[in-house]
A.B. asks: 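This is the structure I want to talk about, given as structure tokens.
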Amino acid sequence: QVQLVESGGGLVQAGGSLRLSCAASGIIFSISAMGWYRQAPGKQRELVAIITSGGGTHYEDSVKGRCTISRDNAKNTVYLQMNSLKPEDSAVYYCNADQRLPGPFGTHEYEYWGRGTQVTVSS
């Protein structure tokens with residue numbers, strides 16, 4: 001399995017920046033994509049950003065231009081640089097990884113989640 005550990009959350013003033021990190025360990029080969037999701041109280045989990053094994057990226061509309069997802073393959077770590085933070089960005093941010101492994105009847109897909117890191121943006 002894959003273990004994901006997030007770090008970098010905290011309290012920041014509106015307009016400030018944070019860099020979230022997600023370190024992957026375990027059986028980390030064949031990870032097709034890693035991403036950041038967030039969930040605020042009373043809200044559904046939503047995608048913030050995702051990066052594929054091929055380097056393609058996708059961002060939720062509200063964070064476009066303010067966030068950048070990147071990878072350090074040597075460290076098996078994914079980062080989310082968050083700038084110009086707004087109070088509405090406050091949430092628990094979760095790291096996600098999708099892994100596809102060969103099985104007896106084809107490819108099996110596995111999904112892993114970190115435990116989350118709190119981001120709080122004050123006005």
Side-chain angles (χ1 to χ4, degrees):
Q1 64 173 354
V2 174
Q3 292 83 44
L4 303 173
V5 179
E6 304 100 332
S7 62
L11 175 65
V12 65
Q13 196 77 16
S17 299
L18 287 172
R19 189 182 73 159
L20 307 183
S21 299
C22 175
S25 61
I27 307 174
I28 59 175
F29 61 89
S30 298
I31 294 177
S32 60
M34 295 184 67
W36 287 95
Y37 294 74
R38 66 186 180 187
Q39 188 167 22
K43 304 289 186 179
Q44 287 189 265
R45 183 194 68 185
E46 66 175 357
L47 174 70
V48 179
I50 189 169
I51 186 165
T52 69
S53 60
T57 59
H58 173 78
Y59 298 92
E60 195 268 331
D61 288 342
S62 68
V63 305
K64 287 181 179 178
R66 301 189 295 118
C67 295
T68 302
I69 188 169
S70 61
R71 303 179 302 182
D72 186 336
N73 291 330
K75 297 181 179 179
N76 297 313
T77 300
V78 173
Y79 304 95
L80 183 68
Q81 179 67 45
M82 308 173 67
N83 302 319
S84 301
L85 286 165
K86 306 173 181 179
E88 50 263 44
D89 294 319
S90 297
V92 177
Y93 284 69
Y94 297 93
C95 183
N96 165 265
D98 291 319
Q99 183 182 56
R100 295 182 177 182
L101 298 174
F105 304 104
T107 301
H108 295 335
E109 184 176 353
Y110 300 87
E111 189 174 56
Y112 303 94
W113 294 93
R115 294 184 178 182
T117 184
Q118 177 72 50
V119 171
T120 303
V121 184
S122 61
S123 300

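This structure is a prediction, so every number in the text was calculated from the model and none was measured. We number each residue from 1, following the sequence as shown.
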A.B. asks: So, does T77 use its side chain to make a donor-acceptor pair with the main chain of K75 at under 3.5 Å?
C.D. replies: yes

A.B. asks: Of all heavy-atom pairs between A40 and S90, which one has the smallest distance, and what is that distance?
C.D. replies: CB-O, 3.7 Å

A.B. asks: Between Y110 and H108, how do the two ring planes meet: parallel, tilted or perpendicular, split at 30° and 60°?
C.D. replies: perpendicular

A.B. asks: Go through it in stages, so that I can follow the logic: the residues are Y59 and T68, the test is side-chain contact (heavy atoms from CB on, under 4.5 Å), and I'd like the CA-CA distance, side-chain angles, deciding distance and then a yes or no.
C.D. replies: CA-CA 8 Å; Y59 298 92; T68 302; 3.8 Å; yes

A.B. asks: Find out if a path of hydrophobic residues (ILVMFWY) with successive side-chain heavy-atom gaps under 4.5 Å connects Y79 to V2.
C.D. replies: no

A.B. asks: I'd like a table of donor-acceptor pairs (distance under 3.5 Å, sequence neighbours excluded) in which one partner is a side-chain atom from residues 44-54, with atom names and distances.
C.D. replies:
{"residue": "E46", "atom": "OE2", "partner": "R38", "partner atom": "NE", "Å": "2.7"}
{"residue": "E46", "atom": "OE2", "partner": "R38", "partner atom": "NH2", "Å": "3.1"}
{"residue": "T52", "atom": "OG1", "partner": "G54", "partner atom": "N", "Å": "3.3"}
{"residue": "T52", "atom": "OG1", "partner": "G55", "partner atom": "N", "Å": "3.4"}
{"residue": "T52", "atom": "OG1", "partner": "G56", "partner atom": "N", "Å": "3.1"}

A.B. asks: Could you pull out all donor-acceptor pairs under 3.5 Å where a side-chain atom in residues 6-19 meets a protein atom, sequence neighbours excluded?
C.D. replies:
{"residue": "E6", "atom": "OE1", "partner": "R115", "partner atom": "N", "Å": "3.1"}
{"residue": "E6", "atom": "OE1", "partner": "G116", "partner atom": "N", "Å": "2.9"}
{"residue": "E6", "atom": "OE2", "partner": "C95", "partner atom": "N", "Å": "2.8"}
{"residue": "E6", "atom": "OE2", "partner": "G116", "partner atom": "N", "Å": "3.1"}
{"residue": "Q13", "atom": "OE1", "partner": "S122", "partner atom": "OG", "Å": "3.0"}
{"residue": "Q13", "atom": "NE2", "partner": "S123", "partner atom": "O", "Å": "2.6"}
{"residue": "S17", "atom": "OG", "partner": "N83", "partner atom": "OD1", "Å": "2.9"}

A.B. asks: Is there a side-chain contact between V119 and V92, using heavy atoms and a 4.5 Å cut-off?
C.D. replies: no

A.B. asks: Among N96, D98, L4, which residue meets the side chain to side chain contact (heavy atoms under 4.5 Å, CB included) test with M34?
C.D. replies: L4

A.B. asks: Roughly how far apart are K64 NZ and H58 NE2, rounded to 0.5 Å?
C.D. replies: 6.5 Å

A.B. asks: Which heavy-atom pair separates C22 from W36 by the least distance, and what is that distance?
C.D. replies: CB-CZ2, 3.5 Å

A.B. asks: Could you pull out the closest heavy-atom pair between K43 and Q39, with the gap in Å?
C.D. replies: O-NE2, 3.1 Å

A.B. asks: Would you sort out whether S25 and N76 count as a side-chain contact (heavy atoms from CB on, under 4.5 Å), showing the intermediate values?
C.D. replies: CA-CA 7 Å; S25 61; N76 297 313; over 6 Å; no

A.B. asks: Looking at L20 and T117, what are the two nearest heavy atoms and their distance?
C.D. replies: CD2-CG2, 4.1 Å

A.B. asks: Can you tell me if R100 has over 12 outside heavy atoms packed within less than 6.0 Å of its CZ?
C.D. replies: no

A.B. asks: Say you draw a straight line from CD of E109 to OG of S30; how long is it, rounded to the nearest 0.5 Å?
C.D. replies: 12.0 Å

A.B. asks: Does a salt bridge link K86 with D89, judged by any charged N lying under 4.0 Å from a carboxylate O?
C.D. replies: no

A.B. asks: Between the side chains of Q99 and Y112, is a donor N or O closer than 3.5 angstrom to an acceptor N or O?
C.D. replies: yes

A.B. asks: Establish whether V121 and Y94 are linked, either directly or via other cluster members, by ILVMFWY side-chain heavy-atom contacts under 4.5 Å.
C.D. replies: no

A.B. asks: Which pair of heavy atoms, one from A91 and one from Q118, lies closest together, and at what distance?
C.D. replies: O-NE2, 3.3 Å

